[in-house]
There are 2 protein chains.
Amino acid sequence: MAHRATLTQVAQRAGVSIASASRALNGLVASPATVDKVRRAADDLGYVPDASARALKMGATGQITFAVDDIGNPVYVEMMTGVQEVVAASGFRLQVTATGGTRDVADVLDLLRSMRRGYADGLVLSPLRVTAELVAEIAATPIPVVVIGRLPDGAGVDTVMTDSARGVALAVEHLHAQGRRRIAFLNGPGDTTPGAARRRGFDDAVAHLDVVASTHEAADFTMAAGREAAHRILTAAGRPVDAIVAANDLLAIGALHAAHDLGLDVPGRLAVTGVDDTSLAEIVHPPLTSVSLDSRRRGQLAAELLTRRIEDPTRAPQVLSVPPLLHVRGSSAPTPQAGNR
Amino acid sequence: MAHRATLTQVAQRAGVSIASASRALNGLVASPATVDKVRRAADDLGYVPDASARALKMGATGQITFAVDDIGNPVYVEMMTGVQEVVAASGFRLQVTATGGTRDVADVLDLLRSMRRGYADGLVLSPLRVTAELVAEIAATPIPVVVIGRLPDGAGVDTVMTDSARGVALAVEHLHAQGRRRIAFLNGPGDTTPGAARRRGFDDAVAHLDVVASTHEAADFTMAAGREAAHRILTAAGRPVDAIVAANDLLAIGALHAAHDLGLDVPGRLAVTGVDDTSLAEIVHPPLTSVSLDSRRRGQLAAELLTRRIEDPTRAPQVLSVPPLLHVRGSSAPTPQAGNR
DNA sequence: CCGGGCGCTGTAATCGTTTCCAGGAAGCGC
DNA sequence: GCGCTTCCTGGAAACGATTACAGCGCCCGG
């Protein structure tokens with residue numbers, strides 16, 4: 001807990017003015033002799049420039065904020081990794097803020113408002129729910145914002161999206177090709193952006209296929225909610241479903257558990273697919289077929305958009321998209337009798 | 001991207017001096033009339049105080065940094081959650097920095113040095129490896145640091161530890177009580193702090209038990225490394241082991257996979273236990289018996305120590321400890337046919 | 001020998017806040 | 001009416017850095 005040296009002290013010790021000291025340290029015009037003296041003095045004192053003072057003077061903090069709704073979900077961890085990679089490479093520091101639970105949209109508004117204090121030079125945001133208020137607040141934020149997700153058309157904000165509707169369709173088509181004909185869709189809350197998109201994808205996909213389809217909503221994008229909802233699906237009266245398409249990996253894993261609880265063989269009696277292709281997909285048994293939306297890549301792209309916009313705030317807003325990709329694993333294996341486990 | 005209003009503008013609009021404006025907004029002495037005028041002006045202009053300027057003047061940023069080695073491990077996510085809870089409640093903002101991969105200790109030193117720039121008012125650190133250099137650098141850091149883990153005695157740093165050696169012993173004793181007698185310890189890198197402690201715990205525990213014990217090291221605290229090492233353990237010549245004690249959940253899950261690859265029934269032929277009791281333990285099948293070190297609680301405690309020290313930097317350094325707790329689940333069920341859960 | 005240009009330096013202003021200090025206007029008791 | 005306290009206010013100095021500007025010495029050509 002030693003005390004910090006200031007530029008004034010360095011200048012004093014080197015016997016020059018603070019202006020010269022600053023110039024010497026920043027590689028601006030200065031005689032070799034001065035540079036040498038100042039360098040030595042700075043080293044002796046262990047001088048490091050103060051971030052707040054520099055930020056105040058320069059009008060830039062060198063920080064970027066990533067706001068995430070639910071740190072518990074590995075998806076966001078992966079996104080964060082992607083963001084961090086790019087952000088660190090550009091010389092920024094990453095600041096992560098958890099905007100509370102999934103239920104509260106007020107939190108993220110608070111965050112946006114607090115950004116006006118100038119904590120960071122840019123913000124990456126991945127909101128679960130998009131309201132008009134949110135869009136307005138983003139527009140009013142004095143620093144560049146990049147959204148991972150989907151905003152209303154013409155929002156004029158840099159965005160990285162993915163076609164998760166198409167992703168769900170990929171899963172449905174895959175299951176259909178494997179001969180599954182009674183497919184249930186296990187969605188998260190329908191009023192969230194991903195919930196709405198994935199439901200649309202499911203509906204569109206089943207519309208032109210000869211399958212018996214049904215849709216169900218879990219209370220949350222969590223494993224517990226998925227397990228509970230899957231129980232309902234699997235114990236409902238009538239002919240049993242032979243496949244569950246879950247809107248995300250956590251829900252899918254909940255479905256795997258429900259199947260196990262009920263003694264249903266996966267993939268023999270029931271196929272299950274997830275979305276996000278998180279690390280969890282390879283951890284469970286049977287390994288989970290899942291649609292990758294490449295969260296890490298989305299994080300990288302978002303960070304790139306952001307750093308580019310910080311450099312040149314006049315750029316036209318850009319919308320990038322990452323295509324979904326189906327990863328087939330054991331949970332949707334073609335034939336029952338392959339019988340792993 | 002509207003431009004930001006400054007206190008000067010607010011004061012002008014309210015027709016008072018900036019001193020009065022500042023006082024009015026901060027609830028210091030000011031007449032009701034002034035407060036009213038200033039409030040109104042501030043609202044009109046959408047004024048929010050600038051963080052950098054305030055930080056410069058006050059010498060405090062209102063930020064706390066949490067440095068984590070490996071965001072991929074759910075343990076750290078849980079710790080982060082705990083830290084965030086306390087930190088947010090105290091009015092600080094949390095900044096998370098990933099200090100690269102597990103292999104590089106230089107990173108965390110860089111981070112510590114960069115803290116001297118005054119980015120934050122405090123730092124929570126959970127280092128995987130502790131070197132003399134690290135301890136020295138911590139001592140030289142101008143802001144309070146709290147370490148989650150274990151430092152050399154007398155380091156004089158606030159610390160939150162857990163008795164992970166005892167934790168491993170709990171697992172061993174449990175397995176012994178269930179009748180397991182040929183127990184393998186699946187450790188991560190032995191040169192890490194947790195690796196060393198857990199190995200010690202294992203050695204001590206088996207020393208006074210009638211078991212055949214062996215120790216093995218995986219390259220990393222990851223599932224892939226655990227699977228690979230467990231393969232070696234399970235295919236070694238001689239009488240087969242009937243239990244694997246893994247040094248963490250990821251390794252344990254790797255072992256579950258290896259067992260499955262080899263067609264070994266868990267818990268029938270082989271019991272497996274993990275450490276950390278992460279959310280993954282309940283995701284796998286059979287659910288993993290694991291020793292909880294309550295990462296979230298450790299995060300909370302660390303954050304509390306930190307905020308308290310920030311308030312009063314003269315406090316004597318404190319070392320807190322969280323006791324390990326064994327959570328028995330299916331992967332170590334007593335008898336194959338009991339099949340609980 | 002003198003003036004212009006060049007290279008380097010120091011003084012001082014500035015970023016947006018907070019806060020010390022001095023001073024003015026009331027209010028009060030006498 | 002006078003002195004005192006009380007309350008509020010504005011001016012100005014910080015915090016630690018960057019940087020515009022002016023000034024200094026020196027070299028060089030004419």
Side-chain angles (χ1 to χ4, degrees), chain A residues 2-39 41-42 45-63 91 114-121 142-143, chain B residues 2-39 41-42 45-63 91 114-121 142-143:
Chain A
H3 224 83
R4 309 203 354 230
T6 78
L7 188 58
T8 314
Q9 294 169 32
V10 173
Q12 233 159 34
R13 181 175 242 264
V16 300
S17 72
I18 58 167
S20 294
S22 173
R23 280 185 296 246
L25 291 174
N26 290 322
L28 301 182
V29 51
S31 75
T34 306
V35 170
D36 193 60
K37 274 188 297 184
V38 173
R39 281 257 169 74
L45 295 171
Y47 168 79
V48 271
D50 181 78
S52 305
R54 181 174 248 157
L56 174 59
K57 184 66 190 162
M58 312 284 273
T61 60
Q63 288 197 126
S114 84
M115 285 330 281
R116 296 201 206 151
R117 293 166 160 263
Y119 282 116
D121 302 340
I143 56 169
Chain B
H3 226 83
R4 311 207 349 235
T6 78
L7 188 57
T8 313
Q9 294 168 31
V10 173
Q12 234 159 34
R13 182 175 241 267
V16 300
S17 72
I18 57 168
S20 296
S22 174
R23 280 185 296 246
L25 291 174
N26 290 323
L28 301 182
V29 52
S31 75
T34 306
V35 170
D36 193 59
K37 277 187 297 184
V38 173
R39 279 257 169 74
L45 295 170
Y47 169 78
V48 270
D50 180 80
S52 306
R54 181 173 249 158
L56 173 60
K57 185 66 193 169
M58 312 282 274
T61 60
Q63 289 196 125
S114 85
M115 285 328 281
R116 296 201 207 152
R117 293 167 159 263
Y119 283 115
D121 302 340
I143 57 169

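Just so you know, these numbers come straight off a predicted model, no measurement behind them. Residue numbers begin at 1 in each chain, while the letters A, B, ... track the order of the sequences.
Residues B:Leu7 and B:Tyr47 come closest through the heavy atom pair N-CE1, 3.4 Å.
The nearest whole Å value for the distance from the CG atom in A:Leu25 to the P atom in D:dT19 is 13 Å. Whole-Å rounding puts the A:Leu7 CG to C:dA12 C1' distance at 15 Å. Between the CG atom of B:Leu28 and the C1' atom of D:dC8 there is a distance of 13 Å, given to the nearest Å. Between B:Leu56 atom CG and D:dT18 atom P there is a gap of 12 Å when expressed in whole angstrom units. Rounded to a whole Å, the CZ atom of A:Arg54 is 22 Å from the P atom of C:dT14. Per the geometry, CD belonging to B:Gln9 stands 14 Å off C1' belonging to C:dT17, to the nearest Å. When the C1' atom of D:dT18 is taken as reference, atom NZ of A:Lys57 falls 5 Å away, rounded to whole Å. We find that CZ of A:Arg116 is positioned 17 Å from P of C:dG16, with the value rounded to whole Å.
Counting non-hydrogen atoms under 4.0 angstrom, A:Ser31 reaches the backbone sugars and phosphates but no base. Within the nucleic acid shown, B:Val10 has no heavy atom closer than 4.0 Å to any nucleic acid atom. Among the protein residues, B:Ala30 comes within range of the sugar-phosphate backbone only, with heavy atoms under 4.0 Å from sugar or phosphate atoms but none that close to a base.
Sequence order on DNA chain C of the closest nucleotides to A:Thr34 and A:Ile18 puts A:Thr34 first from the 5' end. Heavy-atom nearest nucleotides on DNA chain D were determined for A:Ser20 and for B:Met58, and the one closer to the 5' end corresponds to B:Met58.
Between D:dG16 and A:Thr6, no contact under 4.0 Å exists linking OP1 or OP2 to a side-chain N or O. For D:dT18, neither phosphate oxygen OP1 nor OP2 lies less than 4.0 angstrom from any side-chain nitrogen or oxygen of A:Arg23. Taking side-chain N and O atoms only, B:Thr8 has no distance below 4.0 Å to OP1 or OP2 of C:dG16.
Rounded to the nearest 0.5 Å, atoms CZ (A:Arg13) and OG1 (A:Thr8) are 14.5 Å apart. A distance of 12.0 Å separates CE of B:Met58 from OG of A:Ser52, quoted to the nearest 0.5 Å.
The nucleotide whose nearest atom lies closest to any side-chain atom of B:Ala19 is, among C:dT18, D:dG10, D:dC8, D:dG10. In this structure, of D:dT18, C:dC15, C:dT19, it is D:dT18 that holds the atom nearest to the side chain of A:Asn26. Closest contact between the side chain of A:Pro49 and the listed nucleotides D:dA14, C:dT19, D:dA17 involves D:dA17. Listed candidates were C:dG10, D:dA14, C:dC8. Nearest to the side chain of A:Ser17 is C:dG10. With C:dC8, C:dT17, D:dG16 as the candidates, the nucleotide lying closest to the side chain of A:Val29 is C:dC8. Set against D:dG16, C:dT18, C:dT11, the side chain of A:Asp50 has D:dG16 as its closest nucleotide.
A donor-acceptor distance shorter than 3.5 angstrom exists from the side chain of A:Arg4 to the backbone of B:Arg116, with no hydrogens or angles considered. With B:Asn26 contributing its side chain and B:Leu28 its backbone, the two residues share no donor-acceptor pair below 3.5 Å.
With contacts defined as side-chain heavy-atom distances shorter than 4.5 Å, the pair B:Asp121/B:Thr61 qualifies.
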